[in-house]
Amino acid sequence: MRPRPIAAPLTLLATFALLSGFVVAGLWAAPRAAAEPGDTNTGRTAPSMLVLDASGSMRETDVDGRARMDVAKEAVGSLIPLLPEDAQVGLMTYGNSTEQVAAAKAAACQDITVLVEPTGLDRAALAAGVDGVSARGYTPIGASLRVAVDALPEAEMRSVVLVSDGIEECDPTPPCQVAGELAAAHPEVRIHTIGFRTDEAAREELACIARATGGTYADATDAEMLREELLLRMTRALQGYDDSGQAITGGDDAATAVPIAPGSYLDVLEHGSPAADDGDGAERYYRLRLAEGEIAHVAATMVIPAAGGADNKLAQLSLRVLDPEGADCRVGDTNARTEAALGDGPLTAMVSTPRMGRTQNLACFGADAAGEVVIVVERTGTPSQEESVPLELQIFIEQETDTEGLPPAMPWMLEREPLPVAADGEVATPAFAFAAATEVGDGPIRGTIIPGEVQFFRIPVQYGQQARVSLGLGDVTVPEGMSLTTRITMISPLRQPVYTATPPSTDASPSGASAPARSGLQMHLNQAVPVQFRNREEGGTEARSSFLAGDYYIQLALIPDAYDTARLFEVPFVLDADVVGEVDEGPELDGQGEAEREDQLAEDPGQVPADAAAGGSGGTAGGAGASDEGGRSDAAGTPGADLEPRPEDQPGLLRMLLPVAAGLAGGAVLAGVVIAIVAVIRRR
């Protein structure tokens, strides 16, 4: 595995992926406005302009006997159908109309044409524009950059992607200087450059343009490299978190709390606050009905856009449980903190209630309880303080289950041999969220990761099974003065840290494994015990987080000591995972699994079916809106439904696959798009 710097070979196809980019500045188009049902894009697309070189040199037939222009047009054209509906993509070219002759140079240096305005997504216009481009003229890079930036509509983030095979031929002002001037005047603009079969002088010029604006440079030399790099670059440009769930808008207080049922929801928290625990942040209130004997498991996940410098301070997410009148149930605040996306991943807070009607020392859950609670989610802290951020809310209901016939709990850790580190694997697409996590377990996979990035993988684990993970890094060259840490952690289906061991150590911890990044690094992570439902109440300390069958998540992070956009490079890795142990019996929670009851979905954001809101055993459960990897709607379970222990043929947490875009809004973040074409291309 060879290291590939961010300036490593990139495809022209990847160009368009960069172009179509999403960047979460954390702002929704209208704060507090609920999205339409089925609208799963929580971010706003960054207006993007693709600048395609049509100079005479693009006629060269040195790409496997094909003209550079033909390869570029084919690559861009194949990506157009995959662009998301709300993308804002424009197309312009230079050199398309005037021949590259000395007598016409003055006119040719003004031959810059906007073929498609970046004000929406017009696939037909983009396809026609690309199809009509011909390689003829000179290379006015600096002037083209000015035109491209001027053509972009105002937005919090904007991007230009320049594809060129040559060097500036017109403007006496070096294009790197032009880029610097544009960056000073428009700090929200990123210019990404791709060199296609360029010489060293052109590569340096294009790389300088990218550096001047916080963008990236990449290089492509042949069609094979172009296709291979596309698998990485289309999602690498995403650099964000895929949120999913049914759109909902929570209430402002207990009186206006929105009724919800088991399932997955997507809301928004409009602002933070001056301090991480000052109580002045944005809040959302939700009302949940519980039948006697039921437990609610609630997980709230928030992603804060990357922030550098003084803004990179503590963010906090809190969960509280109130009674129907708004009094504290004294379940306890559950707080999660992070330093704004420096390798810690999204911020998740999780709380499990006592059993309804069976917990006499807590009025909310005693015999006289109303059977209803209010869930409060609060965001505080300074990172992206004035920006809205998306919130994922998961509700799972555990019914009272007779555990007498279930396998016993694990009183202590069960040691397993480490899974050997693989030398190579199938190409995998980066995933930046629980919802889009790449499934592992059917053989090793390989990919790359960059400093500050967190990637997600999932391992289906059934009752009686225990997960093992191995990781190997390829060649790593850490710049002088930079500290870089590799971390792998395991997360439960309820998004709790899982106790794991790092062989040969026999000590278990929920913090995973960490080691300085270096060439050839090998790491192992073993789940501490097999999953058994009785682990939570009867198991040892190491067992209690491994009580529910479903998707267990691996977070892989490459953590720098400081987020530095000038020091972004790819580190190749091979990841492998498997499960050991015989499959046992156990229950599945409401809101979890593969039920497909379309009629139980809420019809409008912020609402659930009336019978679900009424709650109790037998009520329908609206509000799931998630989907498994097949893209199917996953309706929530039914509170009070029969959940006797059964064999878990398909245990599996909600698969919330949602091609939503959200990008980190830090200086190194690119525009990004499409994951649909993943894993169809293999390395030569």
Side-chain angles (χ1 to χ4, degrees), residues 1-10 14 18 21 23-24 190 192 207 210-211 213-218 229 232-241 303-309 311-313 338-347 383 428-433 446-457 471-489 512-523 554-575 662-672:
M1 296 182 292
R2 295 178 293 105
R4 283 181 293 203
I6 236 18
L10 174 66
L18 289 171
V23 178
V24 163
R190 300 289 180 267
H192 310 289
R211 287 195 302 267
T213 64
T216 59
Y217 169 77
E229 289 295 325
L232 298 173
R233 300 292 174 167
M234 282 203 326
T235 50
R236 175 52 41 68
L238 183 62
Q239 283 283 346
Y241 186 84
V303 61
I304 296 289
D311 292 333
N312 188 22
K313 296 181 181 178
T338 189
E339 281 198 9
L342 283 181
D344 286 333
L347 194 58
T429 296
F432 306 106
R446 61 182 168 91
T448 65
I449 186 168
I450 65 175
E453 192 170 76
V454 180
Q455 295 187 16
F456 288 75
F457 307 86
L471 174 74
L473 297 189
D475 291 338
V476 182
T477 302
V478 180
E480 185 177 353
M482 183 181 191
S483 173
L484 197 60
T485 301
T486 309
R487 179 196 295 166
I488 49 175
T489 52
S514 298
R518 59 176 175 79
S519 296
L521 174 67
Q522 294 191 357
M523 301 177 68
I554 296 298
Q555 288 185 355
L556 171 61
L558 198 60
I559 307 170
D561 55 345
Y563 197 68
D564 185 351
T565 63
R567 294 193 292 184
L568 294 182
F569 52 92
E570 291 180 307
V571 174
F573 67 84
V574 174
L575 181 76
L664 298 174
V669 195
L670 313 181

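Below, each value reflects all heavy atoms present in this structure, side chains not excepted, and no hydrogens, waters or symmetry copies.
You'll find the side chain of Leu575 reaches within 4.5 Å of the side chain of Phe457, heavy atoms only. In this structure, Arg487 and Ile559 have side chains that are in contact, with non-hydrogen atoms separated by less than 4.5 Å. Side-chain contact between Phe573 and Arg446 is absent, with no heavy-atom pair separated by less than 4.5 Å. Contact check for Met482 versus Asp561: side-chain heavy atoms found under the 4.5 Å cut-off. Taking 4.5 Å as the limit, every side-chain heavy atom of Leu484 sits out of range of all side-chain heavy atoms of Pro516. Arg518 has its side chain out of reach of Leu473: every pair of non-hydrogen atoms, C-beta onward, lies at least 4.5 Å apart. The shortest distance between side-chain heavy atoms of Ile488 and Met523 falls below 4.5 Å. At a threshold of 4.5 Å between non-hydrogen side-chain atoms, the residues Leu558 and Thr486 count as touching.
In this structure, the side chain of Gln455 engages the main chain of Thr448 through a donor-acceptor pair within 3.5 Å. Of the possible donor and acceptor atoms, none in the side chain of Thr485 sits under 3.5 Å from a partner among the backbone N and O of Ala515.
Across all non-hydrogen atoms, the minimal contact from Asp475 to Pro572 is O-CD, 3.7 Å.
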Could you walk me through whether Leu471 and Leu556 pass the side-chain contact (heavy atoms from CB on, under 4.5 Å) check? CA-CA 9 Å; Leu471 174 74; Leu556 171 61; 3.7 Å; yes

